[in-house]
Amino acid sequence: MAVADAAARIDHQFLMECMKTTLPSLDGLDLLASAVIILDANGGIVYANAAAENLLESSFKVLSQQKLSELFLNGKELANLFYQAVAHQFADKRLDLALERAGRDPLQVHTIVTALDSPDTPVLLELRENVQQLKLDREERLLDQSQANKELIRNLAHEIKNPLGGIRGAAQLLELELPERHLKELREYTQVIIKEADRLQTLVDRLLAPHRRPHIVGDVNIHEVCERVRSLILAEFPNGLTIRRDYDLSIPEFRGDKEQLIQALLNIVHNAAQALAERIRAGDAELVLQTRVMRQVTLAKVRYRLALDLHIIDNGPGISPDIQDRIFYPLVSGREGGSGLGLTLAQTFVQQHMGVIECESRPGYTDFRILIPLP
C-alpha cells in the first residue's frame, strides 16, 4: 500500500514537471501507467498519452476530434468537473467515477482533475483503472475514519456530559427557588433548560451506545436477520413499498452478535425506505435484499477465503454527491431532521464483525454492500 502510494505521488510530481514544458515535449508521459489527458478551453482533447489511448480504446487522432464528455453516457459528470476546474474552484480534485459506455461495462476509474495556469490548456485529467487497489484504499480510509470517529465521539461525549449535568442540576435548583407568585410563568423557562439538557444527554448516550454495549457472540443465520428487518420495515411501510428477496441459501452460519447485525441492517434499510418516500407515494418503491458468497476477499488487510456479500439496493433518488464520501461520519445526514447516527452505528457494528460497509449511489440506484468474513 505504502509503495503504491509513493509511486502515485512520484507519477503526479513527474506529470506536473512535464506540464511546465510545451505540449510537443510531452512524449515522456507515454512512460506513465496512468492515463493522462489534457483538455483545451472548450473541453476538447489536445493530448492523450499511450495509457489513455489504451484505456479509452481509441487512438489520439480519433480522440482529438471529440470532447472527453462525449465519450461516455454520463459525460455530464466530467463536464461539470471541467467547468469547475476552468473556474478555478479547486486546484486539484480526486474522486472515483464509473464512466458508462454504450454496450460495455462501466469504466471504474480513480480521477485526478488538475486546474492548470494556461488559458489554452486549462485542465489536465489523470485516470487510473485499478479497481482492487481503489477498493483497498477505500477500506483503509473507512477503517481510519472509523477509529478517528470513535476517539472523537468518546472525547466529545465526556466533554459534554459533565457540564450538561451541572446545567440540568442548576435549572432544577433554580426552579425550587422560584417565588410562588411567579412560579407558573417562570417554570416554563426552567423546564426548557431541563428538557433540552435531557435531549442532549440522550444524543450523547446514542453516540456512546456501540462502545458501551457488550459484544454478545452466537451463531448467526444472516437470512433470519434479513427476514426480521424486512418484517419490521413492512410493518412501518405497509403500502407502496416492495421488498424483494434474492438469497443464496447456501451461506453458512457464522459467529457474531445477532442483535447488532439486526440493528446495523435495520438502520440502512430504514434510511433507504425513508429516502423512497416519493416513490412509496407513487407506489413503485422497491428494495432488494441480496445475499451472495464472495471468495478470496481482503478486508482490513487480512485475506479471507469466504465472505458474506450482502446488498441493500433501492431505486430512490440516490445520495447527494456532496456527502457521499462522508455518509459514515457521525452527525452527517442527507435527510432533513435526520440524526446522522444510523450509518455511523451500522458501520461500527459491522466493523466489530471484522467487516465493512461500502456504498455506491447514483440517481435511481443506491447499493449499500456489507462484507463480513465467513468461516
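Since the model is a prediction, treat every value here as computed from it, not as a measurement.
Between T366 and F368 the shortest side-chain heavy-atom distance falls below 4.5 Å. For the pair R279/E286, no side-chain contact is recorded, criterion being any heavy-atom separation below 4.5 Å from C-beta on. The closest side-chain heavy-atom distance from D246 to L289 is not below 4.5 Å. Looking at F72 and L78, their side chains come closer than 4.5 Å, going by heavy atoms from C-beta outward. Contact check for I262 versus E259: side-chain heavy atoms found under the 4.5 Å cut-off. Side-chain atoms of Q172 and T190, non-hydrogen and from C-beta on, never get closer than 4.5 Å to each other. At least one side-chain heavy atom of L299 sits less than 4.5 Å from a side-chain heavy atom of P373. The closest side-chain heavy-atom distance from V46 to S64 is not below 4.5 Å.
Cluster membership check: Y83 shares its hydrophobic cluster with I37, using side-chain heavy-atom separations under 4.5 Å among Ile, Leu, Val, Met, Phe, Trp and Tyr. Hydrophobic clustering of Ile, Leu, Val, Met, Phe, Trp and Tyr side chains at less than 4.5 Å, counting indirect connections, keeps L265 apart from V288. In the hydrophobic clustering of ILVMFWY residues, with side-chain heavy atoms under 4.5 Å counting as a link, L73 and V62 come out apart. When the side chains of ILVMFWY residues are joined at heavy-atom separations under 4.5 Å, either directly or via intervening members, L97 and L68 end up in a single hydrophobic cluster. A single hydrophobic cluster is seen to contain both V293 and L310, as judged by linkage of ILVMFWY side chains at heavy-atom distances under 4.5 Å, directly or through other members.
Salt-bridge check for E360 with R362: passed, with a basic side-chain N closer than 4.0 Å to an acidic carboxylate O. E224 has a carboxylate O that lies under 4.0 Å from a charged side-chain N of K258, or vice versa, which qualifies the two as a salt bridge. Ion pairing of D248 with R292 is absent here, as no side-chain N (NZ or NE/NH1/NH2) approaches a carboxylate O to less than 4.0 Å. Salt-bridge formation is detected for the pair R199/E196: a Lys NZ or Arg NE/NH1/NH2 atom is positioned less than 4.0 Å from an Asp or Glu carboxylate oxygen.
With values rounded to the nearest 0.5 angstrom, L95 atom CG is found 8.0 Å from H110 atom NE2. The distance from atom CG of L116 to atom CD1 of I38, rounded to the nearest 0.5 Å, is 7.0 Å. Atom OG1 of residue T242 and atom CG of residue N315 lie 9.0 Å apart, to the nearest 0.5 angstrom. For the atom pair CD1 of I372 and CZ of F254, the computed distance is 4.5 Å after rounding to the nearest 0.5 Å. Interatomic distance, SG of C226 versus CD1 of I243, reported as 10.5 Å (0.5 Å rounding). A distance of 12.5 Å separates CG in L249 from CD1 in I222, rounded to the nearest 0.5 Å.
Aromatic ring orientation, Y247 versus H223: tilted (interplanar angle from 30° to 60°). Under the 30°/60° scheme for interplanar angles, the aromatic rings of F60 and Y47 are found to be tilted.
The closest donor-acceptor contact from the side chain of E57 to the backbone of N54 lies at 3.5 Å or more, if one exists at all. A donor-acceptor pair under 3.5 Å is formed between the side chain of N74 and the backbone N or O of A98. No donor-acceptor distance shorter than 3.5 angstrom exists from the side chain of D40 to the backbone of P122, with no hydrogens or angles considered. Between the D367 side chain and the I313 main chain, no donor and acceptor come within less than 3.5 Å of each other. Using modelled atom types, one side-chain atom of T344 and one backbone atom of F328 make a donor-acceptor pair closer than 3.5 Å. Without hydrogens or angle criteria, S231 side chain to R228 main chain gives a donor-acceptor distance under 3.5 Å. One N or O on the side chain of S361 and one on the backbone of I319 form a donor-acceptor pair closer than 3.5 Å. In this structure, the side chain of R326 engages the main chain of D322 through a donor-acceptor pair within 3.5 Å.
Looking at every heavy atom in both residues, P317 comes nearest to A275 through CD-O, 3.3 Å. Nearest heavy-atom pair across K93 and L81 is CD-CD2, 4.1 Å. L371 and V350 get closest at one heavy-atom pair: O-CG1, 4.2 Å. When all heavy atoms of A52 and V36 are compared, the pair lying nearest together is CB-O, 3.8 Å. Minimum interatomic distance between P375 and E253 (heavy atoms only, all atoms of both residues): CG-O, 3.6 Å. Contact detail for I280 and A273: the closest heavy-atom pair is CD1-O, 3.6 Å.
Within 6.0 Å of CD in E278 there are 12 or fewer heavy atoms belonging to other residues, nucleotides or ligands. Around the CG atom of D219, the shell of radius 6.0 Å holds more than 12 heavy atoms that belong to other residues, nucleotides or ligands.
With no hydrogens or angles considered, no side-chain donor-acceptor pair links E53 and S59 at under 3.5 Å. Q263 and N267 form a side-chain donor-acceptor contact under 3.5 Å, judged by distance and modelled atom types alone. The closest side-chain donor-acceptor pair between H270 and E236 falls under 3.5 angstrom. Neither side chain, Y189 nor E175, offers a donor N or O lying under 3.5 Å from an acceptor on the other.
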(message) For a side-chain contact (heavy atoms from CB on, under 4.5 Å) check, start with the C-alpha distance between V113 and F90, then their side-chain angles and the critical distance, and finish with the verdict.
(response) CA-CA 9 Å; V113 186; F90 55 79; 4.0 Å; yes
(request) Check the pair H353, D257 against side-chain contact (heavy atoms from CB on, under 4.5 Å), reporting the backbone distance first and the verdict last. (result) CA-CA 8 Å; H353 290 78; D257 188 323; 3.8 Å; yes
(request) Output, in order, the C-alpha distance, side-chain angles, deciding distance and verdict of side-chain contact (heavy atoms from CB on, under 4.5 Å) for L71 and Q66. (result) CA-CA 8 Å; L71 300 176; Q66 304 176 72; 3.2 Å; yes
(request) List the steps and the verdict of side-chain contact (heavy atoms from CB on, under 4.5 Å) for I268 and I357. (result) CA-CA 10 Å; I268 296 171; I357 306 176; 3.9 Å; yes
